[in-house]
Amino acid sequence: MHTSIDFPNLGIHLENVGKTVTVFGFDIAYYGITIGIGMLAGIAMALMEAKRTGQKQEDYLDLAMFGIIFGIIGARIYYVVFAWDMYKDNLLEIFNTRHGGLAIYGGVIAAVITVFVVARVKKQPVALLLDTAVFGLVTGQMIGRWGNFFNREAFGEYTDSMLAMRLPLDAVRTSDLTEKIRDHIEVIDGVSYIQVHPTFLYESLWCLGVLVLLLLYRTHKKFNGEIFLLYLGGYGLGRFWIEGLRTDQLWIPGTEIPVSQVLAGTLVIVSVIWIICGRRKKKETESL
């Protein structure tokens, strides 16, 4: 397998981008390392926000421990459910995440459920926990998306745009290739290449933008939970667009409708309505 990754229109050529690193004779996937770095950075970000708002940082360490465990489980379950044809004949493959197969929305759903449970046990306001933890969530997403870079996955259709990414054909899954991508295969020095949208990069940059927005807006929120709702709407808006570019979409069973795109669009609408209602209620309360 060829291991180069290029961004030809930016003049970037990476000759040897491996998928694993060997430590004491064990192969460790860069995908997992990247996800791990994202988790640690996310925890640090949530702890800083907890400190800024005068909350107990210990509560968020507990939340992180359970949230990460169940978030990974939820992300895997979501992916497997909507990609069942890939696993139905080899159930043991369900437990193999070394080659990817984690759906972020499944992780978010599981993490939010975990927040509700932890809030109930610790008798903490769930909305405030969500407003604080969300800084860690979006930070983890921003960094963790680069795991797809090492795995050569989560890319989009053919493009010749400024950010176009070129990958060796033998380094990607054939199931991720579309007719349009195949029609634009280029052979260079005897090696076949595809050129695609680096949607992992788009999403990472979008998450950076959402994080900056949340950091700027956090002192202006009118009610607890508003920051989390702003994340759902902001991230959902970008995900709705990016999901439409990807070639590895998960479909609603029996349809050709991308489940994550539908979910993203729904969350944008719900979050906007909820924020408007919440701010209106807060205004009416203050006027009494």
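Note: hydrogens, waters and symmetry copies are ignored here, and every other heavy atom, side chains too, is used. Computed from a predicted model, the values in this text were never measured in an experiment.
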Quiz item: Do Leu129 and Lys122 come close enough that some side-chain heavy atom pair is under 4.5 Å?
Solution: no
Exercise. Kindly assign one of parallel, tilted or perpendicular to the pair Trp146 and Phe200, based on the angle between their ring planes and the thresholds 30° and 60°.
Key: perpendicular
Quiz item: Can you name the ring-ring contact (aromatic ring centres under 6.0 Å, His included) partners of Tyr30, sequence neighbours left out?
Solution: Phe150
Quiz item: Which residue, Gln55, Glu49, Arg218, forms the side chain to side chain donor-acceptor pair (under 3.5 Å) with Thr132?
Solution: Gln55
Practice problem: Consider only side-chain heavy atoms of I, L, V, M, F, W and Y, link residues closer than 4.5 Å, and tell whether Phe240 and Leu230 are in one cluster. | Solution: no
Quiz item: Where is the tightest heavy-atom contact between Ala83 and Leu250, given as atom of each residue plus distance?
Solution: CB-CD2, 3.8 Å
Quiz item: What about the rings of Tyr231 and Tyr217, do their centers lie closer together than 6.0 Å?
Solution: no
Quiz prompt | Pairwise distance CD1(Ile269) to CD1(Ile273) - rounded to 0.5 angstrom | solution = 7.0 Å
Self-check item: Aromatic ring proximity, centroids under 6.0 angstrom, His197 and Phe155
Solution: no
Exercise. Look at the rings of Trp241 and Trp206 and say which category their plane angle falls in: under 30° parallel, 30 to 60° tilted, over 60° perpendicular.
Key: tilted
Quiz item: In the single-linkage hydrophobic clustering (I, L, V, M, F, W, Y; side-chain heavy atoms under 4.5 Å), do Leu128 and Phe66 co-cluster?
Solution: no
Quiz item: Is any side-chain heavy atom of Met165 closer than 4.5 Å to a side-chain heavy atom of Asp6?
Solution: no
Quiz item: Going only through I, L, V, M, F, W and Y residues with side-chain contacts under 4.5 Å, is there a path from Met45 to Leu137?
Solution: yes
Practice problem: Hey, could you give me the OG/CG distance between Ser271 and Leu237, rounded to the nearest 0.5 Å? | Solution: 9.0 Å
Quiz item: Does a donor on one side chain and an acceptor on the other come within less than 3.5 Å for Asn16 and Thr3?
Solution: yes
Quiz item: Taking C-beta and beyond as the side chain, do Leu92 and Tyr87 meet within less than 4.5 Å on heavy atoms?
Solution: no
Quiz prompt | Arg280 CZ: over 12 foreign heavy atoms closer than 6.0 Å | solution = no
Practice problem: Please report the C-alpha distance between Ile94 and Met86 in whole Å, then the side-chain angles of each, then the deciding distance to 0.1 Å, and finally whether the side-chain contact (heavy atoms from CB on, under 4.5 Å) criterion is met. | Solution: CA-CA 9 Å; Ile94 292 174; Met86 294 173 57; over 6 Å; no
Quiz prompt | Option passing ring-ring contact (aromatic ring centres under 6.0 Å, His included) with Phe82 (candidates Trp84, Tyr78, Tyr79) | solution = Tyr78
Quiz item: Taking everything shown except Met162 itself, do over 12 heavy atoms lie less than 6.0 Å from its CE?
Solution: no
Exercise. Go through the steps for Thr178 and Glu157 under the test side-chain hydrogen bond (donor to acceptor under 3.5 Å, both in side chains), then give the verdict.
Key: CA-CA 7 Å; Thr178 65; Glu157 272 284 9; 2.8 Å; yes
Quiz item: Closest approach of Ser4 and His13, non-hydrogen atoms and distance?
Solution: CB-CE1, 4.2 Å
Practice problem: Compare every heavy atom of Thr159 with every heavy atom of Ala164, then report the nearest pair and how far apart it is. | Solution: CB-O, 3.6 Å
Self-check item: Close side-chain approach of Leu177 to Leu169, heavy-atom, < 4.5 Å
Solution: yes
Exercise. Starting at CG of Leu63, measure out to CG of Leu130 and round the result to the nearest 0.5 Å.
Key: 8.5 Å
Self-check item: Shortest non-hydrogen contact from Ile43 toward Ala64
Solution: CG1-CB, 3.7 Å
Quiz item: Would Asp176 and Arg173 satisfy salt bridge (charged side-chain N to carboxylate O under 4.0 Å, His left out), going step by step from the backbone distance to the final call?
Solution: CA-CA 6 Å; Asp176 292 341; Arg173 295 178 301 200; 3.0 Å; yes
Quiz item: Does a donor on one side chain sit under 3.5 Å from an acceptor on the other, for Glu203 and Tyr235?
Solution: yes
Quiz prompt | Residue pair Ile35 / Tyr31, side-chain heavy-atom distance below 4.5 Å | solution = yes
Quiz item: How many angstroms lie between atom OG1 of Thr199 and atom CZ of Arg246, to the nearest 0.5 angstrom?
Solution: 5.5 Å
Quiz item: When you look at Lys19 and Arg152, which way does the side-chain contact (heavy atoms from CB on, under 4.5 Å) test go after all the steps?
Solution: CA-CA 9 Å; Lys19 290 188 176 183; Arg152 283 83 163 172; 3.6 Å; yes
Self-check item: Heavy-atom check, side chain of Ile73 versus side chain of Ile69, under 4.5 Å
Solution: yes
Exercise. Step through the shown structure and confirm whether more than 12 heavy atoms of other residues, nucleotides or ligands are within 6.0 Å of CZ on Phe7.
Key: yes
Self-check item: Verdict with reasoning, Ile185 to Tyr193, per side-chain contact (heavy atoms from CB on, under 4.5 Å)
Solution: CA-CA 6 Å; Ile185 289 176; Tyr193 292 91; over 6 Å; no
Quiz prompt | Nearest heavy atoms of Asp131 and Phe223, plus distance in Å | solution = OD2-O, 4.0 Å
Self-check item: Short N-O contact, Glu226 and Arg279, less than 4.0 angstrom
Solution: yes
Self-check item: Minimum heavy-atom distance Ile252-Thr255, with the two atoms named
Solution: O-OG1, 2.7 Å
Exercise. Enter the distance from Thr285:OG1 to Lys222:NZ here, rounded to the nearest 0.5 Å.
Key: 12.5 Å
Quiz item: For Ile37 and Leu40, what are the C-alpha separation, side-chain angles and deciding distance, and is it a side-chain contact (heavy atoms from CB on, under 4.5 Å)?
Solution: CA-CA 5 Å; Ile37 293 172; Leu40 292 175; 5.8 Å; no
Quiz item: Got a second to check how far Leu213's CG is from Leu208's CG, nearest 0.5 Å?
Solution: 11.5 Å
Quiz item: Do Leu10 and Leu14 sit in the same hydrophobic cluster, where Ile, Leu, Val, Met, Phe, Trp and Tyr count as joined when their side-chain heavy atoms come under 4.5 Å apart?
Solution: yes
Self-check item: Hphob cluster co-occupancy, Val268 + Leu232, side-chain heavy atoms under 4.5 angstrom
Solution: yes
Quiz prompt | Any Arg239 side-chain heavy atom under 4.5 Å of Tyr105 side chain | solution = yes
Quiz item: Side chains of Glu186 and His184: is there a donor and an acceptor less than 3.5 Å apart?
Solution: no
Self-check item: Side-chain heavy-atom pair Asp27, Val21 within 4.5 angstrom cut-off
Solution: no
